[in-house]
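First comes the structure, then the notes that go with it.
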Amino acid sequence: MTIAQSPEAVAARLVAWLREREPFPTDAPLPIETLLARLDLLVSPFDPRLFPNTLGYLEPGEDVIFVRAGLTEAARRFTLAHELGHVALHRRAGQAAEVGGTLGGSADETTGDGCDGLDLEALADDGDETLRPGQAYSARAQREGEANAFAAALLLPAATTRAAYEALCARGVERPALALARALGVSEDAALRRLTALLTASTDSGGESAQAPRSPVALDDDQRRAARAQAPALIVAGPGSGKTSALLARIAHLRDDLGVAPERILALTFSRKAADELSARAALAAGLAQAGPRVSTIHAFCGDLLRQYGPLVGLRADYRLLAGVEGYFLLRRLVSHAPLSHYTPLSGPTRHFGALLGAISRAKDDLVTPEGYRAAATAMRARADSAESRVAAERALEVATIYANYQAALAARGDVDYGDLIMKVVELLRAEPEVADDLRQRHQHILVDEFQDINGAMGALLRELAGVRG
C-alpha cells in the first residue's frame, strides 16, 4: 500500500467527498449510514446465533455489509466503518470504482471472512470496540488492522479529534475523552486509543524485523514485568516495542528461574515466518547445549495432533487437507443436488461459492456445527417480521443445507478443510479426557504470540489445552 492509499488518507478522502454532498457539522458524528447509502452499499442485520463471535462481514462479490443485530450504537458504527474499510482498501480497483469512484483499492479482493471481536479490537463484554495497538504477521490480520485504522480515521478524523479534545480540556470538562466519544459516536476506549495514536504519532514506522535471528537484547522495565508476570496474563504492546524479545525472556524465566523443562513449554503463533523466527531466536537464546520449547503455528500444531488422534474424531490416519480449489469442486457437486433459491443461478454455479465457503468458514471459526447453524437459522426464520429478515433467514437456511452436505462429504472421505483443523481438535479434547490430560501435562505453559488474532475456535482450543472451561 502506498502512502496515498494509506487507511488514514483514504478515510480522509471519503469524509471530504461526503461533506461535498451531505454537509454536516465538524463536531457531529459522521453520518455513516448516509455515507454507505451514497456509496450504494446495503446494510443487513444477521442473527448473532449464526456466528456468535462475528460482529460484521462484507458479502463477497456483492455490495452488502452484514452487521450483527443488537450491537451498541458505538459498536455498530465502528463495525460498519470497519467493513467499509475492507471495501475501500481491499476490493479490486474496478469494484471500488463501482461504489462511487472515490474508494482506493488494491489487487486483493476481500474474502468475506467474518470480522469478530478481536478483528474489530472489540474486547469488552458488550461488544464495544477498542483500538488496541498491535501488529500482526498474517495477511488476514494485516487487512483487519488496516480496516481498523481506516475506521478510526473515518469516525475520528485527526484534525477534528485533536481540536475537539483540546477545546474540552480548555473548558475543564471532566473526562474529556468520554465527552469526545459521546460527541462523535464512538466508545470512550476508542477515543482514548485514537487520541493516544494521534498524540504519539511518529514518522518512525517501528516494528520488529522478522528476517533474521537475533541474539537476546537488554530488556526495559515493562518487558521484564511482562516476562515475569504471573499466569494467565495478556500483554498488550504496540509495534516496535519488543514483543518477541519479551516472549523469549518469558521462556528463559520459565526455564531458568522456575525450573520448567523446555519441552513443557508450547509457543504458538500465526504464520510460518513468525514461528521460524521465534524458533530460531529461542534456540539462539538457549544455546546449542539445551533443547528449546516447541514452537509452531496454531494450525500446524492442530494438524500434527490430528495425525496422531484423528481416527478418534472420524478422520483417516492419513487424512488430507482440502485445498481451496478442491472446496469449489466439492461445492459444485453438492450444489447441483441442493434445492436452492437464493444462491442461484446455477447457470453460473461458482458465482456464490465464495460466499458459501466463507459462511462455512465463519461457522467453524465460531465452533458452530451444521446442526447448530440450522437451529439458529430456523429460529431466525421464526422471528422474521419483515421481508428483509425473511430473506436473510431463508439464505441462512440454504447455507445450513450446503454446510451439512459439505461436512457430510468431508466426513465420508475422512478428510478436513482448513477450518476443521482447530474445530476437530477442540472436539477431540472435549470428547477424549485422557488425550486432553496428556496434552495438558505435556504443555504446561502455553505462550501465544499476537494473541489479538485469535478467533472463537482458537480461544476454545487454548482454554481446553489449559484445562479452563467457560
CZ (Arg182) with more than 12 external heavy atoms under 6.0 Å: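 Counting neighbours around CZ of Arg182, 12 or fewer heavy atoms of other residues, nucleotides or ligands fall under 6.0 Å, so no.
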
Side chain to side chain donor-acceptor pair (under 3.5 Å) evaluation trace for Thr34 with Arg21: CA-CA 10 Å; Thr34 300; Arg21 292 155 179 78; over 6 Å; no

Which heavy-atom pair separates [X] from [Y] by the least distance, and what is that distance?
X      : Y      : answer
Ala275 : Val295 : O-CG1, 3.5 Å
Ser245 : Gln223 : CB-NE2, 4.1 Å
Thr297 : Leu268 : O-CD2, 4.2 Å
Lys424 : Val416 : CG-CG1, 4.3 Å
Ala177 : Leu195 : CB-CD1, 4.2 Å
Pro45  : Ala69  : CB-CB, 4.4 Å

Is there a side-chain contact between [X] and [Y] in this structure, where contact means two heavy atoms from C-beta onward sitting under 4.5 Å apart?
X      : Y      : answer
Trp17  : Arg38  : yes
Leu18  : Phe24  : yes
Glu464 : Arg440 : yes
Leu41  : Leu84  : yes
Arg272 : Asp276 : yes
His86  : Glu144 : yes
Ile265 : Leu447 : yes
Phe78  : Asn148 : yes

Donor-acceptor contact below 3.5 Å, side chain Arg430 vs main chain Val425: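 Side chain of Arg430 to backbone of Val425, a donor-acceptor pair under 3.5 Å: no, none is there.
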
Under 3.5 Å donor-acceptor, Arg250 side chain and Ala227 backbone: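 Confirmed, Arg250 side chain pairs with Ala227 backbone.
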
Check whether the ring centres of [X] and [Y] lie less than 6.0 Å apart, and answer yes or no.
X      : Y      : answer
His82  : Phe150 : no
His443 : Phe301 : yes
Phe66  : Phe46  : no

Just verifying a value: how many Å separate [X] [atom1] and [Y] [atom2], rounded to the nearest 0.5 Å?
X      : Y      : atom1 : atom2 : answer
Lys273 : Leu278 : NZ    : CG    : 14.0 Å
Cys302 : Asp420 : SG    : CG    : 11.0 Å
Leu30  : Leu156 : CG    : CG    : 10.0 Å
Asp385 : Ser389 : CG    : OG    : 5.0 Å
Leu462 : Leu266 : CG    : CG    : 9.0 Å
Ile32  : Glu83  : CD1   : CD    : 11.0 Å

Check against salt bridge (charged side-chain N to carboxylate O under 4.0 Å, His left out), Glu33 and Arg77: CA-CA 8 Å; Glu33 306 269 5; Arg77 285 170 53 76; over 6 Å; no

Residues Arg381 and Glu394 bridged, charged N to O under 4.0 Å: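 Looking at Glu394 together with Arg381, the answer is no, because their closest N to O distance does not fall below 4.0 Å.
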
Asp417/Lys364 salt bridge by N-O under 4.0 Å criterion: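 Between Asp417 and Lys364 there is a salt bridge, with a charged N closer than 4.0 Å to a carboxylate O.
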
Ile65 vs Leu42, side chain to side chain contact (heavy atoms under 4.5 Å, CB included): CA-CA, chis, key distance, verdict: CA-CA 6 Å; Ile65 294 174; Leu42 300 178; over 6 Å; no

Step-by-step side chain to side chain contact (heavy atoms under 4.5 Å, CB included) determination, Met458 to Phe270: CA-CA 11 Å; Met458 292 175 185; Phe270 291 86; 3.4 Å; yes

Side chain to side chain contact (heavy atoms under 4.5 Å, CB included) evaluation trace for Ile360 with Tyr373: CA-CA 9 Å; Ile360 292 170; Tyr373 199 105; over 6 Å; no

Side chain to side chain contact (heavy atoms under 4.5 Å, CB included) between Leu180 and Thr161, worked out: CA-CA 8 Å; Leu180 174 69; Thr161 301; 3.8 Å; yes

Worked verdict on Arg194 versus Glu8 for salt bridge (charged side-chain N to carboxylate O under 4.0 Å, His left out): CA-CA 12 Å; Arg194 176 65 167 156; Glu8 184 96 21; 2.9 Å; yes

Between Thr26 and Arg19, a side-chain donor and acceptor under 3.5 Å: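 No.
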
Donor-acceptor pair between Thr369 and Glu371 side chains, under 3.5 angstrom: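 Note: Thr369 and Glu371 side chains meet the donor-acceptor criterion.
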
Worked check of salt bridge (charged side-chain N to carboxylate O under 4.0 Å, His left out) between Arg362 and Asp365: CA-CA 5 Å; Arg362 287 192 297 274; Asp365 284 347; over 6 Å; no

Stepwise salt bridge (charged side-chain N to carboxylate O under 4.0 Å, His left out) check, Arg225 with Asp222: CA-CA 5 Å; Arg225 281 193 293 271; Asp222 287 337; 2.2 Å; yes

